[in-house]
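A short worksheet on the structure shown next.
For the numbers below, each heavy atom of this structure counts, side chains included, while hydrogens, waters and symmetry mates do not. Just so it is clear: chains get the letters A, B, ... in the order the sequence lines come, proteins before strands, and each one is counted from 1.
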There are 2 protein chains.
Amino acid sequence: MTTIKDIAKAAGVSVTTVSRALNGYFDVNEKTKQKILAVAKELNYSPNTLARGLVMKKSKTIGLLVSGMSKENIKDNFTFEVLCGINETASALGYDLILFNTNTTKQREKTYTQLCRERRVDGAIVQGIRKDDPYLKEILESDIPCVLIDIPIQTDSVGYVTTDNVLGAKKAIEHLIQLGHKNIGMINGHEGAYVSEERLKGYIEKLTEYNLPVNKEWIVDGAFEEATSESVTYKLLEENKDMDALFCASDVMALGALKACHKLGKTVPDDISIVGYDNITLASYCLPPLTTIGQEVYKIGSEAADLLIKMLEEDPTDLCRYVDTNLIIRDSTTKN
Amino acid sequence: MTTIKDIAKAAGVSVTTVSRALNGYFDVNEKTKQKILAVAKELNYSPNTLARGLVMKKSKTIGLLVSGMSKENIKDNFTFEVLCGINETASALGYDLILFNTNTTKQREKTYTQLCRERRVDGAIVQGIRKDDPYLKEILESDIPCVLIDIPIQTDSVGYVTTDNVLGAKKAIEHLIQLGHKNIGMINGHEGAYVSEERLKGYIEKLTEYNLPVNKEWIVDGAFEEATSESVTYKLLEENKDMDALFCASDVMALGALKACHKLGKTVPDDISIVGYDNITLASYCLPPLTTIGQEVYKIGSEAADLLIKMLEEDPTDLCRYVDTNLIIRDSTTKN
DNA sequence: GTGAAAGCGCTAACAA
DNA sequence: TTGTTAGCGCTTTCAC
């Protein structure tokens with residue numbers, strides 16, 4: 001494999017000059033530069049980023065800590081869409097991505113800091129970890145630049161990209177209230193998720209705004225899973241016969257709720273309206289197509305990459321970015 | 001950041017000894033070893049993989065060349081599922097993944113070899129590139145260990161993981177024939193895909209096996225896209241009123257075909273049976289749920305990672321692996 | 001069982 | 001404008 005040493009020898013100059021020419025410095029004679037470039041091309045040279053990273057203490061690499069990459073999460077294209085957004089933006093800005101898997105026990109043996117330092121990543125993007133994940137604590141204590149997705153916590157070295165989940169939930173509930181619904185239950189995710197906390201907040205605030213009662217028994221967790229959601233919905237509707245609408249904190253859970261309704265012989269939306277969250281691909285294909293809160297997931301990813309790289313290169317003052325949500329009305333909601 | 005030098009100083013030994021102790025060599029006194037390990041832990045040491053990679057000429061990194069990571073491909077969870085499989089297996093075996101994006105022009109400036117060599121990846125896994133992609137030629141000419149997904153070409157350093165697409169297509173057609181269909185059209189992908197070639201082969205062979213005529217006009221390309229498929233299906237069915245079944249080389253295209261049928265006022269499956277390919281998540285949710293050829297996509301990914309790592313560490317003789325397919329019968333096919 | 005020294009490929013003072 | 005030299009953090013002969 002060709003090194004700058006080889007080029008230096010072939011071009012009859014020193015390695016320093018080669019390095020400078022290759023890196024586009026201006027203090028090198030145009031002629032020598034051309035010569036060096038020619039030799040480099042001829043010898044089919046590729047720079048060794050490991051060596052460069054070693055001396056520069058920069059790797060032009062972003063570490064990706066993603067929890068939703070296991071078999072179970074395949075239905076949910078949220079993770080993938082975020083990934084796509086990160087990938088395109090990062091690569092457009094000259095950074096490569098390195099994937100850390102937080103599921104396998106193998107990786108869990110290492111701490112977040114170890115993961116990042118071993119690979120000498122310049123920064124990290126973290127998606128899908130829970131509030132109580134030990135990694136989160138570490139991330140916040142570490143000084144490695146990091147962007148959190150959907151976790152609105154900021155430190156000197158940690159920023160975040162998220163949507164306004166309170167507002168998103170409010171849009172959903174507003175829609176249901178406008179349709180005349182008064183007994184609105186909620187299938188939330190789980191305690192480990194900030195988005196759950198916020199969507200619940202939006203739900204409560206909007207009900208309160210309309211002087212509708214907030215009933216604790218009407219709020220249950222569905223673990224962001226279809227099956228769990230199905231079973232809790234079943235129970236919820238059995239115990240509250242007058243419930244006329246359901247707000248689910250994710251489309252996947254709305255799918256479960258749909259199944260439960262079907263089994264109970266309830267027609268959606270005539271007997272009960274359902275609003276989901278996320279606007280996953282399935283949302284427009286299921287029966288009935290889901291009214292839901294859409295997020296520009298791809299944009300969340302690309303904003304995250306953009307923010308992190310800005311943090312690495314320009315240290316911006318604002319480390320928080322919000323991406324829009326919008327209510328998408330389909331056929332799972334109707335007038336009461 | 002702690003280095004082995006720091007450890008050496010703190011433990012009162014040489015860097016050599018530290019290196020040996022940390023790497024679990026046996027020619028180091030148990031006591032010194034324990035001392036070194038203790039110091040390392042206390043100083044919160046993380047090895048620098050860049051430095052190690054530089055001297056060892058191995059990076060324990062696998063390069064991922066994936067084309068299906070753009071906005072358009074989000075519906076299709078094939079790519080993501082492959083990714084998940086690769087990720088879990090690679091990380092279980094101690095390898096990290098580095099993502100190369102082949103879409104952005106930025107990356108296209110570099111050749112495959114450059115991409116791999118710059119990052120000093122030990123090997124690469126390539127998914128979703130076309131037969132005529134210049135990268136493919138390079139991959140086959142290069143001696144970088146590589147596993148191709150769904151491209152059955154082998155060289156000394158290149159292996160592949162795929163399914164038997166001829167057989168898969170045959171299963172689909174067999175099913176349709178058993179249901180009494182005789183006028184079976186095919187929406188294929190495009191010329192750039194090996195899987196298209198093979199699925200077409202399976203289609204033709206099975207028809208021939210039953211002495212059914214193979215009609216060139218009945219075979220059209222849908223570019224693996226929903227919209228394209230919809231428009232070609234429209235035309236196909238208009239021009240061939242007696243067509244009673246359709247075999248689509250992907251579920252996404254089957255979705256398009258479904259739409260076309262709907263617009264033409266044809267009921268699936270009563271007027272026309274449709275079989276897809278891939279068993280994407282949507283397949284079981286669309287209307288009617290699709291009969292399709294399922295692939296263990298996750299397994300394709302994990303096999304690819306496993307094969308590549310075997311190639312890196314043990315150089316196996318067999319560089320080809322096949323993953324099963326199976327016919328999944330849902331409601332888009334019925335007796336004629 | 002342990003250490004000194006060389007070197008992986010690169011960048012960056014500092015000199016010339 | 002160019003070259004000399006040191007050093008990034010690590011592994012690995014080779015000698016003791």
Tell me, which pairs form a side-chain hydrogen bond (donor to acceptor under 3.5 Å, both in side chains) where one or both residues lie in residues 24-33 of chain A, sequence neighbours left out?
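Listed once each, the pairs are A:E30-A:Q34.
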For [X], salt bridge (charged side-chain N to carboxylate O under 4.0 Å, His left out) partners two or more places apart:
X      : result
A:D143 : none
A:E191 : none
A:E303 : A:R321
B:K9   : none

Nearest-Å distance for atom pair [atom1]/[atom2], residues [X] and [N]:
X      : N      : atom1 : atom2 : result
B:D27  : D:dA15 : CG    : C1'   : 14 Å
A:Q34  : D:dT1  : CD    : C1'   : 16 Å
A:E118 : D:dC10 : CD    : P     : 11 Å
A:K33  : D:dT1  : NZ    : P     : 11 Å
B:E30  : C:dT2  : CD    : C1'   : 16 Å

Take nucleotides 9-16 of chain C nucleotide by nucleotide from the 5' end and write B, S or -, depending on whether a protein heavy atom sits under 4.0 Å from the base, only from the sugar-phosphate, or from neither.
BBBBB---
Can you sort out the partners of A:T17 under side-chain hydrogen bond (donor to acceptor under 3.5 Å, both in side chains), two or more places apart, ordered by chain and number?
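A:T17 satisfies side-chain hydrogen bond (donor to acceptor under 3.5 Å, both in side chains) with A:S14 once adjacent residues are dropped.
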Could you list the residues that satisfy ring-ring contact (aromatic ring centres under 6.0 Å, His included) with B:F78, not counting sequence neighbours?
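In terms of ring-ring contact (aromatic ring centres under 6.0 Å, His included), with neighbours along the sequence ignored, B:F78 is linked to no residue.
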Contiguous Watson-Crick or G-U pair runs (3 or more, under 3.5 Å) in DNA chain C:
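Stem list for DNA chain C: C:1-16 with D:1-16.
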With respect to the phosphate group of C:dG3, does any side-chain polar atom (N or O) of B:T17 fall under 4.0 Å of OP1 or OP2?
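So the side chain of B:T17 is within the cut-off, an N or O lying under 4.0 Å from OP1 or OP2 of C:dG3.
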Any heavy-atom pair between the side chains of B:M69 and B:L99 that's under 4.5 Å?
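They are in contact (side-chain heavy atoms under 4.5 Å apart), so the answer is yes.
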Heavy atoms under 4.0 Å, any strand shown: does A:N29 hit a base, just sugar-phosphate, or nothing?
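Sugar-phosphate, backbone atoms only, no base.
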